[in-house]
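The analysis underlying the following values was restricted to heavy atoms, covering all of them including side chains, and did not include hydrogens, waters or symmetry mates. Along the sequence shown, residues are numbered consecutively beginning with 1.
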Amino acid sequence: QVQLAESGGGLVQAGGSLRLNCAASGMIFSMYVMGWYRQAPGKQRELVAAITSGGSTNYADSVKGRFTVSRDNAKNTVYLQMNSLKPEDTAVYFCNSGRPRGGWFPGDYWGQGTQVTVSS
């Protein structure tokens with residue numbers, strides 16, 4: 001029932017910016033924790049950023065100060081603004097959603113992923 005649809009990925013030069021979008025349906029969006037994860041070839045999926053219904057955020061150390069996660073509950077959408085992109089940011093980025101659990105664990109629902117490629 002829950003569906004997450006990412007968009008906004010693409011190819012960008014190092015130092016550039018992209019904004020990822022995740023549109024959610026099939027749930028009461030405002031009640032869920034939303035997050036962004038990424039997975040590079042041959043590597044484990046890792047947390048990039050997450051945001052609670054109350055607006056609390058959590059970021060990976062590697063993106064803190066460069067990326068910003070936000071949400072618009074009226075639009076059932078979560079965003080990831082990515083600035084000062086580096087080649088090591090290249091990965092498939094996944095939207096994630098789940099009920100609050102009192103921590104920053106991934107939720108049960110995943111989008112299909114959107115490719116972000118940063119060239120040197």
Any side-chain heavy-atom pair of [X] and [Y] under 4.5 Å:
X	Y	answer
V2	D108	no
M34	L4	yes
M31	S53	no
D89	R66	yes
F94	R38	no

For residues [X] and [Y]: do they belong to one hydrophobic cluster (side chain heavy atoms under 4.5 Å, members Ile, Leu, Val, Met, Phe, Trp, Tyr)?
X	Y	answer
L85	V92	no
V12	L20	yes
V116	W110	no
Y32	I51	yes

Exercise. Going from OG1 on T68 to CE on M82, what distance comes out if it is rounded to the nearest 0.5 angstrom?
Worked result: 11.5 Å

Is the backbone N or O of [Y] less than 3.5 Å from a side-chain atom of [X], with the two atoms forming a donor-acceptor pair by type?
X	Y	result
N96	G107	yes
T117	T90	no
N21	E6	no
R71	T52	yes

For this session: Using the disulfide bond (SG atoms under 2.5 Å apart) rule, collect all pairs that involve residues 52-120, keeping only residues at least two apart or in two chains.
Result: C22-C95

Ignoring hydrogens, what is the shortest heavy-atom contact between [X] and [Y]? Give both atom names and the distance.
X	Y	value
A24	F29	CB-CD1, 3.6 Å
W36	V69	CD1-CG2, 4.0 Å
A91	A40	CB-N, 3.9 Å
S17	N83	OG-OD1, 2.9 Å
V33	P100	CG2-CA, 3.9 Å
L80	A49	CD1-CB, 4.1 Å

Problem set entry | Within 6.0 angstrom of E88 CD, more than 12 heavy atoms from elsewhere | yes

Exercise. R45: what forms a side-chain hydrogen bond (donor to acceptor under 3.5 Å, both in side chains) with it, not counting sequence neighbours?
Worked result: Q39

Exercise. Can you list every pair that meets ring-ring contact (aromatic ring centres under 6.0 Å, His included) and has a residue in residues 51-92, with sequence neighbours left out?
Worked result: none

